[in-house]
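Okay, so here's the structure we're looking at.
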Amino acid sequence: MHASCLIKFPPPILSPGLHSFLGILMLEISSPQGSTLAAVALIAAEDHNMCQQMHAAVVKSGAANVTSVSNALISVYVKCASSSLGMMPHSSSFLMCEARKLFDEMGERDELTWTTMIAGFVRNDDLISAQEFLDQMDDSLTVAWNALISGYVQHGSFYKALEMFRNMQALGMELDEFTYTGVLSACTNAGLLRHGTQVHAHILRTKMKPAPDFMLSVNNALLTFYWRAGKADQAQHLFESMPKRDLVSWNAVLSEYVKSGRINEAKKYFLMMPQKCVLSWTVMISGLAQNGYGEEGLKLFHQMKVEGYEPCDYAFAGAIISCSALGALKHGQQLHSQLVRLGFDGSLSVGNSLITMYARCGVVEAAKCLFLTMSSLDSVSWNAMIAALGQHGKGTDAIEMYEEMLREQIVPDRITFLTVLSACSHKGLVDEGQRYFDSMSASFGMIPGEDHYARMIDLLCRAGKFSEANRLIESMPIKPGIPIWEAMLAGCRVHGNMDLGIQAAERLFELRPEHDGTYILLSNMYATVGRWDDMAKVRNFMRERGVKKEPGCSWIEVDHMVHAFLVGDTKHPEITAVYEYLQELGPEIIKLGYVPDTQLVLHKIDTDQKEQVLSTHSEKLTVAFGLLKLPPSAPIRIFKNLRICGDCHKWMKLVSQFVKREIIVRDGRRFHHFTDGACSCGGYW
DNA sequence: GTAGGGTTAG
């Protein structure tokens, strides 16, 4: 029996061979040699049941006094406690207690014993015990201090980590690459540019004999530090000048490109990478999904598998988010079933992304069902569910969900309030929204940001409370920016408040002259009140500045394929059938009271032509295609890049009444469920 | 026994 061949067994799956082998070793345990070997095998197996049996056998045989054996046992307890795969929720604290008991029973403890315990506490989120143990140690051991620094960083106690670093310096302790990367990570996360720069200077000053890859790991930490401190150029320069780069260096830069939304650079860089791992693929896939490249995200996910990489749960989450952007429900469901087969369905990020996927694909019930059956939930899950209900116009349910979240002792964060306020806005719940907005600072000590103010302005303006909205803007501690004026303009359009609307639009023209939405909203407002000259002025203004209206585009998933239609589409292979069907549908919808709302057409053309333009709006084409292709009883779920236009909104109501089918439209902002001639939005859009 | 690169909510 050789220890070297034991370590080759792959953890943590306990192969039958290893299992029986452990059994044999249990019999040999009476000799310290035999028990050390068995402990080594145990570490490889990471099996807590075997560990407990072994613990008992070791105590019985008196081998507990052999430090190396007890160290190995402690190590297994600690690892099993933190992996908690398929275990009961309380078993991790139980296993840590067992480790502690063993520690207390030991006659002699060495550095490894102490460090294993401290690292174990850190891994199991018990920093208080970790600090206690560290304080009890006679010697100041760098490894142990490093472990605690990393623990503080993981828990967001960045200043604690810095304090430990300073103490290490004061004690004259040896500082290694783990110490420096730990403290740099604290500076990165706390946004401490000056501190981090000082640490960098300190490293450069130190004349020590460093470990072979000392500067490689330190440089990797510095890359992220400089980038997040707003010094992307400096970070890039560092990357170029590094004498040695590894996967971590490449992944660090890739993820920073993605995080800062520089997706085209990220794509180029991804192709350039000399080596990739699952993590690189994951970063790229979710980066694409987050930046609206759902189709490319999904393609990359498949390519990843083709190239022989096994997607992890995070990669699946990225692919699922691609589906939600696309509205590819069938595809998302396929991924869901793959996940279950692979055993990833317990993963929080996967569960959370599935909630969003079902909701954003229009099936809010499925999202709710998933939420209710998930084995664990975090604030992200609650936020996702509240957002889902709000987007579907279920404002009251969203509020109820938020109250339940509080009862469950989940602390709401800034995003929770954004979702709650949006939910109130989509349903016109002014008083409730005001109460939650006030509670942010009063009950949770959170200062509302500009985005929170914008939601409030949206809520107030949609409800026609313009003087309240103005008062709120005046009371803001920050200068109102784009989100505030956008909310105001949208509210003014709903209520035809020209004066205020023009003011808001002017602010927006100053802040963002290149954005098409402002021109469109303002000219629509002029059109509604018949101010044709002013409308023409806005249009000229737009032309002079070279601003192009983003074309309306809608799409639908049929037979696992996404079919997209542009306004006045001529490219789709089945477009003729679509127009024919719309021709048939026309008189029926008019019989139900449809009158084309030609005021909404921007071009200076006659009424017939305007009706023609309206009748080819992308959302109408897409609904017609869905009605032609989907089975008779299936709901029609369509997606649109822009907000649905008022004429299409009326049309959809009547079509849903005529064909007796549910039509669900996701526009740029929210969902509309049309049934029997009515829409779930109740006019609040 | 410790580090540097990831995910999900708006």
Side-chain angles (χ1 to χ4, degrees), chain A residues 71 74-75 78-79 110-120 122-123 141-151 153-154 176-186 188 211 213-225 227 246-256 258-259 277-287 289-290 312-321 324 347-357 359-360 377-388 390-391 412-423 449 451-452 454-455 483:
Chain A
N71 282 350
I74 288 178
S75 161
V78 161
K79 270 195 192 150
D110 59 13
E111 288 182 346
L112 191 58
T113 323
W114 284 95
T115 324
T116 311
M117 283 305 293
I118 291 171
V122 168
R123 285 174 70 158
L141 191 70
T142 301
V143 195
W145 284 64
N146 289 346
L148 200 51
I149 287 183
S150 98
V153 173
Q154 278 159 35
D176 61 13
E177 64 269 41
F178 292 93
T179 325
Y180 288 120
T181 48
V183 72
L184 280 171
S185 166
T188 304
D213 278 331
F214 174 84
M215 268 327 277
L216 175 61
S217 24
V218 168
N219 279 334
N220 286 342
L222 283 168
L223 278 178
T224 307
F225 166 71
W227 205 299
D246 63 1
L247 241 179
V248 177
S249 336
W250 285 92
N251 285 341
V253 174
L254 177 70
S255 90
E256 292 309 322
V258 164
K259 271 206 190 92
C277 62
V278 172
L279 197 147
S280 334
W281 289 88
T282 307
V283 169
M284 197 62 227
I285 291 166
S286 40
Q290 297 264 351
C312 61
D313 50 347
Y314 295 152
F316 267 99
I320 291 164
I321 292 310
S324 19
S347 156
L348 252 176
S349 12
V350 161
N352 293 341
S353 59
L354 281 170
I355 293 178
T356 306
M357 189 276 289
R360 301 248 300 135
L377 298 168
D378 63 0
S379 61
V380 176
S381 333
W382 287 89
N383 290 349
M385 199 56 231
I386 295 170
Q391 286 158 2
D413 57 21
R414 309 183 67 78
I415 291 173
T416 314
F417 286 104
L418 288 179
T419 61
V420 170
L421 291 173
S422 291
D451 35 5
H452 295 100
R455 305 288 158 114

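In what follows, chains are A, B, ... by sequence order, proteins preceding strands, each numbered from 1. The figures that follow rest on heavy atoms only: side chains count, while hydrogens, waters and symmetry mates do not. The shown structure was predicted, so the numbers you read here are calculated from the model rather than taken from an experiment.
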Q.
For the base of B:dT7 and the side-chain ring of A:Tyr314, does the geometry meet a stacking cutoff of under 5.5 Å between centres and under 30° between planes?
A.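 By the stated criterion, A:Tyr314 and B:dT7 do not stack.
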Q) Mind checking what makes side-chain contact (heavy atoms from CB on, under 4.5 Å) contact with A:Asp313, not counting sequence neighbours? A)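 If we apply the side-chain contact (heavy atoms from CB on, under 4.5 Å) test to A:Asp313, skipping adjacent residues, the hits are A:Phe344, A:Ser347, A:Val350.
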Q) Going by atom types only, do A:Ser349 and A:Asn352 share a side-chain donor-acceptor pair under 3.5 Å? A)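 Short answer, no.
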Rounded to whole angstroms, how far apart are [atom1] on [X] and [atom2] on [N]?
X: A:Asn219; N: B:dA3; atom1: CG; atom2: P; value: 19 Å
X: A:Ile355; N: B:dT7; atom1: CD1; atom2: P; value: 18 Å
X: A:Trp382; N: B:dA9; atom1: CH2; atom2: P; value: 18 Å
X: A:Asp313; N: B:dT8; atom1: CG; atom2: C1'; value: 10 Å
X: A:Trp227; N: B:dG5; atom1: CH2; atom2: C1'; value: 13 Å
X: A:Arg414; N: B:dA9; atom1: CZ; atom2: P; value: 18 Å
X: A:Gln154; N: B:dA3; atom1: CD; atom2: P; value: 6 Å

Phosphate OP1/OP2 of [N] contacted by [X] side-chain N/O (<4.0 Å):
X: A:Lys259; N: B:dG5; result: no
X: A:Ser75; N: B:dG1; result: yes
X: A:Ser150; N: B:dT2; result: no
X: A:Gln290; N: B:dG6; result: no

Q.
What verdict does the side-chain contact (heavy atoms from CB on, under 4.5 Å) test give for A:Cys277 and A:Asn251, after you've listed the backbone C-alpha separation in whole Å, the side-chain angles of each residue and the deciding distance to 0.1 Å?
A. CA-CA 9 Å; A:Cys277 62; A:Asn251 285 341; 3.5 Å; yes
Q: Report which part of the nucleic acid A:Arg455 touches: base, sugar-phosphate, or nothing (heavy-atom distance under 4.0 Å, all strands).
A: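 Here A:Arg455 touches the backbone only, sparing every base.
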Q. Could one point to a donor on the side chain of A:Ser353 or the base of B:dT8 with an acceptor on the other under 3.5 Å away?
A.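 It does not, because no donor-acceptor pair links the side chain of A:Ser353 to the base of B:dT8 below 3.5 Å.
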Q: Look at the side chain of A:Asp246 and the base of B:dG4, then say whether one donor and one acceptor between them are separated by less than 3.5 Å.
A: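 Yes.
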Q | Check against side-chain contact (heavy atoms from CB on, under 4.5 Å), A:Thr416 and A:Ser379 | A | CA-CA 8 Å; A:Thr416 314; A:Ser379 61; 5.5 Å; no
Q) Who pairs with A:Thr179 by side chain to side chain donor-acceptor pair (under 3.5 Å), at least two apart in sequence or on another chain? A)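 By the side chain to side chain donor-acceptor pair (under 3.5 Å) rule, A:Thr179 matches A:Asn146, A:Asp176.
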